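All figures in this text were calculated on a predicted structure; none of them were measured in a lab.
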Amino acid sequence: MAALTSIRTTNGKLEIVNQLLLPHTTEFIVIDTIEQAHDAIKSMKIRGAPAIASLAALSIALHLSRALQASPVPGFLASAEAFREHVEAQLSFLYTARPTAVNLGAATRRLSNVLHASLGAGKGPREAAEDLVIEAKEIDAEDVGRNKQMAKWGGEWLVQQARNKGEPGTELNVMTVCNTGSLATSGYGTALGLITYLHETGRLKRAYYTQSTPYHQGSRLTALELQTLKIPATMLCDSMVGSLFQHHNVHAVVVGADRIAQNGDTANKVGTYNAAVLAARHGIPFIVVAPVSTVDLEIPDGSAIPIEHRPPLEACLVRGALYPPAVNSQGLTEQATVMVTPTGLEGVYNPSFDVTPADLISAIVTEKGVAVKEHGAGIFDLTGVV
């Protein structure tokens with residue numbers, strides 16, 4: 001069965017799947033404006049560092065493409081300075097949607113660089129706009145290819161680790177956290193892409209995935225992707241990771257990343273650090289899979305990574321389909337949001353991300369290869385994979 005998709009573009013129309021309604025309802029939302037893209041990212045209708053970077057870029061492309069065809073011509077196309085100010089303001093606004101995911105910042109900086117290069121070369125606003133449209137579409141298009149490359153790099157590295165321990169490397173059990181597949185990227189996925197690669201090459205026995213509360217990206221999204229791809233998989237509660245490692249032979253934990261510092265410290269979905277500590281206790285390789293754009297060489301370590309905190313109410317609610325199942329008058333599965341805590345609860349700690357120190361990470365994989373620490377070192381040298 002074909003993989004799921006987070007973004008689709010057809011005949012000049014930009015749409016995203018509303019991930020808040022998955023897995024029970026598949027609803028595509030039209031994104032007509034940069035403001036709507038910002039809201040979709042901030043409200044987590046779309047999530048996953050590569051996917052939100054793609055949406056931000058494509059919303060800029062859509063905005064400028066329509067401006068080039070508009071009559072009368074928008075004022076920001078009247079002069080180079082007006083165009084520069086307008087585009088920079090839009091890019092800055094998009095960046096505020098989710099600050100931890102460095103891919104979003106990388107995409108907006110990349111477009112800003114093209115803007116300045118085009119105008120600096122003496123091009124007019126219309127030509128600069130055309131350059132930005134091309135670059136924005138490329139940001140989205142290149143994601144699938146690099147995901148498949150890093151999945152292969154990481155998958156083959158893991159197989160070799162198993163062989164080094166005397167195992168054939170043909171029946172690997174791999175655990176993941178959150179959702180890092182096609183719904184979190186432009187296609188194939190990062191950490192889930194590695195799992196998919198092992199499945200496609202006949203070397204995966206079973207995937208395990210945590211529910212990843214409070215948004216349940218694992219139980220809602222990863223479950224749906226693995227089910228769609230017919231990959232053997234088992235879900236577990238976030239608090240069951242230690243038990244899984246005690247009683248089952250797990251060959252690796254593979255996770256994505258929202259930002260990787262210069263030394264290898266990695267910010268990812270909250271709960272990743274817990275899994276890394278337990279993996280280290282049980283001698284299980286812990287692998288981070290993320291594109292080069294996720295590596296932030298400007299920050300020395302994880303202490304400089306900004307951590308987004310979500311509204312406390314989100315940790316008190318859960319959304320899902322009614323059970324037993326019910327269908328509304330439109331033929332859609334009835335869903336509801338319920339509160340699982342006492343009302344008026346005070347004191348809720350609800351960070352979206354945590355930081356896993358580099359010394360707990362076995363390998364960091366990008367589309368350029370696999371980085372491992374030198375023997376006895378507690379940090380990474382990532383120069384060979386960025």
Side-chain angles (χ1 to χ4, degrees), residues 7 9-16 30-42 46 49-146 185-186 258-259 262 291-299 306 366-368 386:
I7 303 172
T9 54
T10 51
N11 301 321
K13 184 164 68 171
L14 174 60
E15 297 174 291
I16 62 166
V30 175
I31 301 295
D32 269 327
T33 66
I34 288 171
E35 290 74 19
Q36 288 175 351
H38 182 280
D39 175 73
I41 294 168
K42 190 172 184 63
I46 187 169
I52 65 178
S54 288
L55 176 61
L58 291 173
S59 71
I60 290 288
L62 178 67
H63 175 68
L64 295 180
S65 295
R66 288 179 175 175
L68 289 170
Q69 299 169 6
S71 180
V73 177
F76 65 81
L77 288 176
S79 70
E81 188 55 35
F83 183 69
R84 186 197 312 272
E85 290 182 3
H86 176 79
V87 174
E88 287 288 10
Q90 300 303 313
L91 294 174
S92 297
F93 174 63
L94 282 167
Y95 178 66
T96 64
R98 295 204 77 189
T100 301
V102 72
N103 306 60
L104 179 57
T108 56
R109 285 194 301 273
R110 182 168 159 181
L111 292 173
S112 181
N113 290 340
V114 170
L115 169 68
H116 288 277
S118 296
L119 295 179
K123 293 183 179 181
R126 298 189 72 87
E127 288 179 290
E130 290 169 354
D131 289 346
L132 282 167
V133 169
I134 291 171
E135 188 72 13
K137 291 181 177 179
E138 181 60 25
I139 288 172
D140 174 58
E142 67 191 18
D143 190 42
V144 177
R146 71 186 181 191
T185 64
S186 295
D258 287 82
R259 188 178 299 220
Q262 185 182 105
V292 168
S293 58
T294 305
V295 180
D296 189 349
L297 296 177
E298 295 183 5
I299 58 173
T366 73
E367 64 268 36
K368 294 191 176 182
V386 296

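- Contact check for Glu15 versus Thr10: side-chain heavy atoms found under the 4.5 Å cut-off.
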Stepwise side chain to side chain contact (heavy atoms under 4.5 Å, CB included) check, Asn113 with Glu135
CA-CA 10 Å; Asn113 290 340; Glu135 188 72 13; over 6 Å; no
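- Results of the side chain to side chain contact (heavy atoms under 4.5 Å, CB included) test with Ser293 over Arg110, Glu142, Arg109, Arg146 single out Arg146 as the only residue that passes.
- In this structure, the side chains of Leu55 and Leu14 come closer than 4.5 Å at one or more pairs of heavy atoms.
- A pairwise comparison of heavy atoms in Leu104 and Ala56 identifies CD1-CB, 3.5 Å as the closest pair.
- Minimum heavy-atom separation, Arg126 to Leu77: NH1-CD1, 4.1 Å.
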Just distance, no hydrogens or angles: give the donor-acceptor pairs under 3.5 Å from side chains in residues 64-74, sequence neighbours left out.
| from | atom 1 | to | atom 2 | distance (Å) |
| --- | --- | --- | --- | --- |
| Ser65 | OG | Ala61 | O | 2.7 |
| Arg66 | NH1 | Asp32 | O | 3.1 |
| Arg66 | NH1 | Asp32 | OD1 | 3.3 |
| Arg66 | NH2 | Asp32 | OD1 | 3.1 |

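- Between atom CD1 of residue Ile7 and atom OG of residue Ser59 there is a gap of 9.5 Å, rounded to the nearest 0.5 Å.
- The structure places CD of Glu138 at 11.5 Å from CG of Leu111, a figure rounded to the nearest 0.5 Å.
- A pairwise comparison of heavy atoms in Pro99 and Pro306 identifies O-CG, 4.1 Å as the closest pair.
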Evaluate Leu297 against Val386 for side chain to side chain contact (heavy atoms under 4.5 Å, CB included), listing each step before the verdict.
CA-CA 9 Å; Leu297 296 177; Val386 296; 4.0 Å; yes
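- Side chains of Asp258 and Thr100: a donor-acceptor N/O pair is absent below 3.5 angstrom, by distance only.
- With sequence neighbours excluded, the residues satisfying ring pair (Phe, Tyr, Trp, His ring centres under 6.0 Å) with His63 are Phe76, His86.
- When every heavy atom of Ala37 is checked against every heavy atom of Leu94, the shortest pair comes out as CB-CD2, 4.3 Å.
- Applying the ring pair (Phe, Tyr, Trp, His ring centres under 6.0 Å) test to residues at least two apart or on different chains, none of the pairs has a partner in residues 119-146.
- Rounded to the nearest 0.5 Å, atoms CD1 (Ile60) and NZ (Lys137) are 13.5 Å apart.
- A distance of 12.5 Å separates CD1 of Ile52 from OG1 of Thr185, quoted to the nearest 0.5 Å.
- Nearest heavy atom pair, residue Leu132 against residue Leu115, reads CD2-N, 3.9 Å.
- Here the CZ-OG distance, from Phe83 to Ser118, works out to 8.0 Å after rounding to the nearest 0.5 Å.
- Side chains of His38 and Thr96: a donor-acceptor N/O pair is present below 3.5 angstrom, by distance only.
- The shortest heavy-atom contact between Lys42 and Arg98 is CA-CG, 4.4 Å.
- Here the OG-CD distance, from Ser112 to Gln90, works out to 13.0 Å after rounding to the nearest 0.5 Å.
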